[in-house]
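Following: one structure in structure tokens, then a few remarks.
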Amino acid sequence: MTIIASLLRDAQLPDSPTERLDVELLLAAALGKSRSYLHTWPERIVSSEAAETFAGYLARRRAGEPVAYILGQQGFWKLDLEVAPHTLIPRPETELLVEAALELLPMRPARVLDLGTGTGAIALALASECPAWQVTALDRVPEAVALAERNRDRLGLANAQVRLSHWYDAVAGERFDLILSNPPYIAADDPHLVAGDVRFEPSSALVAGQDGLDDLRVIIAQAPDHLSAGGWLLLEHGYDQASAVRELLTRHGFIDVASRLDLAGHERISMGRLPC
């Protein structure tokens, strides 16, 4: 006979920086319960089927697979999103893009474009906060488009649409009040690509040339053709790329160029406005 308290005590994930949280998330999922249930009912007996499922989850996590992929879901902003191995796992630092967008545009009708949407995290967070906004999300990976559509439909966000597109290809001739992107920005030889959870994420969502700036260059250079006068471009980038991104924004005619710090104190996003 196995009880919840025993499984929590004996489970070990020595290579996980969030060991206790990971164990609780995996056990709660195996039981079909919330994390609070584990602490409210620690003496509850665990069925052999649930214990076996939990053991399988632990084995996958010990092999390095991210918890989000094991469980097929990840929280972002105020949303619970379905995730899958062909998309990047939404991260807390990306919420800074959502915060900045909500500060820059007043709560009035606006057209917003999210480039490289993946799970749809950024687009759907904005659509949920601003029903008057029409949000378009683009991704070049068909599986990502289907996933973002499932997340949109499950959340009931009719003011968001998802299209298959390599960057701006599907919105030729269209203009937006705000364009956002969390594009690939890791250099091809970055050692972090072979360590930790990142090993399991798609390289196409991470790597952008030798300096990590290839996709950012494309997005910035083409943005003026897709922004309304006075429209904003907001970009996530690497912790050491802010200066280069600001220079690119200025070179392509953006004004009010600035960067913002994430919770770790790194310049994580940069922005610029198209002149009126």
Side-chain angles (χ1 to χ4, degrees), residues 76-79 81 87-88 90 94-142 144-184 215-237 245 248-249 252-258 260 269-276:
F76 180 84
W77 197 247
K78 303 171 186 177
L79 312 176
L81 300 172
T87 61
L88 199 67
T94 302
E95 294 183 356
L96 189 58
L97 277 179
V98 178
E99 293 174 4
L102 294 174
E103 291 173 11
L104 289 173
L105 287 189
M107 294 298 178
R108 58 171 174 77
R111 298 193 70 207
V112 177
L113 179 66
D114 174 27
L115 295 169
T117 197
T119 62
I122 297 168
L124 298 178
L126 292 175
S128 70
E129 292 288 343
C130 303
W133 290 6
Q134 293 300 313
V135 183
T136 300
L138 306 181
D139 203 288
R140 68 176 179 176
V141 179
V145 171
L147 176 60
E149 288 179 330
R150 289 198 300 273
N151 280 324
R152 177 204 59 196
D153 294 345
R154 182 173 48 80
L155 294 166
L157 297 171
N159 59 325
Q161 60 172 300
V162 189
R163 304 186 202 170
L164 181 67
S165 178
H166 181 54
W167 298 134
Y168 299 98
D169 289 353
V171 291
E174 297 183 50
R175 291 190 178 268
F176 300 85
D177 302 294
L178 171 68
I179 298 174
L180 310 91
S181 184
N182 174 22
D215 289 317
L216 284 160
R217 291 188 182 96
V218 171
I219 292 168
I220 293 170
Q222 297 181 17
D225 294 330
H226 298 279
L227 278 171
S228 303
W232 285 92
L233 176 62
L234 273 65
L235 301 164
E236 181 173 330
H237 49 68
V245 173
L248 285 168
L249 288 165
H252 287 281
F254 286 88
I255 61 175
D256 298 332
V257 173
R260 291 194 183 185
I269 70 169
S270 293
M271 65 196 75
R273 183 171 63 86
L274 200 66
C276 294

ask   = Does a side-chain heavy-atom distance below 4.5 Å link Phe76 with Thr119?
value = no
request  = Taking all heavy atoms of Gly118 and all of Thr87, pick out the closest pair and write down the distance.
outcome  = C-CG2, 4.0 Å
ask   = Between the main-chain N or O of Ala170 and the side-chain N or O of Ser165, is there a donor-acceptor pair closer than 3.5 Å?
value = yes
ask   = So which heavy atom on Ala110 is nearest to which on Asp177, and how close?
value = CA-OD2, 3.3 Å
ask   = So do the side chains of Tyr168 and Leu113 get within less than 4.5 Å of each other, counting heavy atoms only?
value = yes
inquiry  = How long is the straight-line distance from NE2 of His252 back to CD1 of Ile219, given to the nearest 0.5 Å?
reply    = 12.0 Å
query = Taking side chain as C-beta onward, heavy atoms only, is Trp167 less than 4.5 Å from Ser181?
reply = yes
key: Positive for side-chain contact (heavy atoms from CB on, under 4.5 Å) with Ile179, one of Val171, Ile220, Leu233   = Leu233
message = Measuring from atom CG of Leu115 to atom NE2 of His166, what distance do you get when rounded to the nearest 0.5 angstrom?
response = 10.5 Å
inquiry  = Let me confirm one number: the CZ-CG distance from Arg163 to Leu138, rounded to the nearest 0.5 Å.
reply    = 6.5 Å
key: Worked check of side-chain contact (heavy atoms from CB on, under 4.5 Å) between Ser128 and Leu79   = CA-CA 9 Å; Ser128 70; Leu79 312 176; 4.1 Å; yes
query = Between Arg140 and Asp169, is any pair of side-chain heavy atoms under 4.5 Å apart?
reply = no
ask   = Which residue pairs pass the side-chain hydrogen bond (donor to acceptor under 3.5 Å, both in side chains) test with at least one member in residues 98-111, sequence neighbours excluded?
value = Glu103-Arg260, Arg111-Glu174
query = Got Leu216 and Pro183 here, is their nearest side-chain heavy-atom distance under 4.5 Å?
reply = yes
note = Taken in chain and number order and not counting sequence neighbours, the residues that satisfy salt bridge (Lys or Arg N to Asp or Glu O under 4.0 Å) with Arg150 are Glu82
ask   = Looking at side-chain heavy atoms only, is the closest gap between Leu155 and Leu81 below 4.5 Å?
value = yes
inquiry  = Please report the interatomic distance CG(Leu274) to CG(Leu227), rounded to the nearest 0.5 Å.
reply    = 5.5 Å
key: Heavy-atom side-chain proximity of Leu180 to Leu126 below 4.5 angstrom   = yes
message = Please report the interatomic distance CG(Asp139) to CG(Leu164), rounded to the nearest 0.5 Å.
response = 8.0 Å
message = Ignoring hydrogens, what is the shortest heavy-atom contact between Thr117 and Ala137? Give both atom names and the distance.
response = OG1-CB, 3.5 Å
Minimum heavy-atom distance Glu236-Asn182, with the two atoms named = CD-OD1, 3.3 Å
query = Which atom names give the shortest non-hydrogen contact between Cys276 and Gly230, and what distance separates them?
reply = SG-CA, 3.8 Å
key: Over all atoms of both residues, closest heavy-atom pair of Ala148 and Leu124   = O-CD1, 4.2 Å
query = When rounded to the nearest 0.5 angstrom, what distance separates CD1 in Ile122 from CG in Asp114?
reply = 4.5 Å
Test item: Arg154 side-chain N/O and Glu149 main-chain N/O as donor-acceptor pair under 3.5 Å = no
inquiry  = With a 3.5 Å distance limit and no angle check, can you tell me whether Asn159 reaches the backbone of Ala127 through a side-chain donor-acceptor pair?
reply    = yes
